[in-house]
**Student:** 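The structure is given below, and queries will be raised subsequently.
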Amino acid sequence: MNDSEPDLSRYLDVVKSATRCAVLTGAGVSAESGMPTFRGKDGLWKEYRAEELATPEAFERNPDLVWEWYDYRRGIVEGVQPNAGHEALAQAEDLFEEFTLITQNVDGLHQQAGSRNVIELHGNIRRDRCHLCSRYREEGEGRECGCGGPFRPDVVWFGEALPAGAIEEAFRIVSTADLVFTAGTSSQVYPAAQLPYTAKEHGAFVVEVNPESTPFTPLADLSVRGPSGVWLPILLDPSGIGSRSDSG
Ligand code: APR
C-alpha cells in the first residue's frame with residue numbers, strides 16, 4: 001500500500017458507525033502552525049538540553065534561565081495560529097456522541113481553534129502556577145506567590161506528576177472509545193505514549209497520522225504517513241463521512 005494514498009475503506013466503515021472518539025495529539029499537530037517539535041530534525045531537544053530547562057531541578061538551580069526559555073517559547077505561541085488540523089479536531093466534536101481531545105501540547109492552540117473537551121496532559125504554557133502551593137498566578141502578580149513560593153510555567157516537567165486525574169481520565173476514555181486517533185506524536189514519552197496501545201487492547205480502531213513512522217505504527221489499524229494539517233481535515237470531513245453528519 002502506497003503510504004501517500006492510504007486505503008481508507010475500512011476507516012470509512014468504522015467512522016460512520018463510531019459513537020465515541022478520542023484523539024491523542026503531540027507537537028507535530030502544531031508544526032504546520034510554525035511551532036517547533038521536540039524530537040524532529042529541528043526539534044527543541046536538538047538545540048536545548050531538557051535537563052537544563054524542563055525539570056524541577058533546573059528551575060530550582062537557575063529559575064531565570066528556565067523563565068527565559070519559556071518566555072521565548074511563549075513568544076512563539078503568541079505569534080502563531082491554529083492550523084487546519086486543529087480546526088478539523090474542533091469541528092469533529094460535533095460529529096460523535098462523545099469526543100475527547102487528549103493533548104500533550106502546552107501551546108493552547110486546540111482551545112484557540114475551538115476545541116472544548118480537552119485534557120491537557122502536560123499543562124499549558126499560557127498559565128503560571130506556584131512551584132510550592134500550585135495556585136495559579138493572577139494577572140498583575142509578580143514572580144512570587146503569596147505563600148513565598150516562586151511562580152513557574154504551568155507545564156509538566158520531566159520527573160513531575162501529570163495533573164491530578166488527567167492521565168486516569170485519558171486511559172478511561174481510550175478504553176471505551178471505538179475510534180482513536182494518535183496524531184503528531186513520536187510515541188516516546190510515557191504515560192501518554194501508552195494510550196494508543198490501551199485503545200488497541202480494548203478493541204478501538206486506531207488511526208495514526210504522522211509523516212514518519214513511530215514505535216506504535218505497526219499496531220495502527222490505519223497509518224496515514226502525512227501531515228496532520230492535510231489529513232485530519234480529510235479524515236474528519238463531515239461530508240466525507242457522509243451519513244453520520246445527517247444522523248446528527
Ligand atoms: N503532522 C503530523 N505529525 C508531524 C508533523 C505534521 N505536520 N510534523 C512532525 N510530525 C511528527 C514527527 O514525525 C514526530 O513523530 O510529530 C512528532 C513530534 O514528536 P515529538 O517532537 O517527540 O513531540 P511529542 O511526541 O509531542 O513529545 C511528547 O515530550 O518533550 C516532551 O512534554 C514534551 O509533550 C512533549 C512530549
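Every number for a ligand or one of its atoms is a count from 1 in the order of the listing.
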**Student:** Report, one line per pair, each donor and acceptor closer than 3.5 Å where one atom sits in a side chain of residues 184-196; sequence neighbours left out.
**Tutor:**
| from | atom 1 | to | atom 2 | distance (Å) |
| --- | --- | --- | --- | --- |
| Thr185 | OG1 | Gln104 | NE2 | 2.8 |
| Thr185 | OG1 | Ser187 | N | 3.3 |

**Student:** Tell me, do Pro150 and Phe59 make a side-chain contact under 4.5 Å, heavy atoms counted?
**Tutor:**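 Yes, close enough: below the 4.5 Å cut-off.
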**Student:** Within this structure, what is the OG1-CD distance for the pair Thr19 and Glu98, rounded to the nearest 0.5 Å?
**Tutor:**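 Atom-to-atom, Thr19:OG1 and Glu98:CD are 6.5 Å apart.
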**Student:** Of all residues at least two apart in sequence or in a different chain, which pass the side chain to side chain donor-acceptor pair (under 3.5 Å) check with Arg143?
**Tutor:**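 Result, side chain to side chain donor-acceptor pair (under 3.5 Å) vs Arg143: Asp71.
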**Student:** Just list the side-chain donor-acceptor pairs under 3.5 Å for residues 34-47, sequence neighbours left out, or say none.
**Tutor:**
| from | atom 1 | to | atom 2 | distance (Å) |
| --- | --- | --- | --- | --- |
| Thr37 | OG1 | Gly40 | N | 3.3 |
| Lys46 | NZ | Arg39 | O | 3.1 |

**Student:** Going by distance alone, is a donor N or O of one side chain under 3.5 Å from an acceptor N or O of the other, for Gln111 and Arg126?
**Tutor:**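 Side chains of Gln111 and Arg126: no pair found under 3.5 Å.
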**Student:** Tell me the residues surrounding ligand 1, counting only those with a heavy atom closer than 4.0 angstrom, sorted by chain and number.
**Tutor:**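 Contacting ligand 1 under 4.0 Å are Gly26, Ala27, Gly28, Ala31, Glu32, Thr37, Phe38, Arg39, Trp45, Gln104, His122, Phe158, Gly184, Thr185, Ser186, Val189, Asn210, Pro211, Glu212, Pro227, Ser228.
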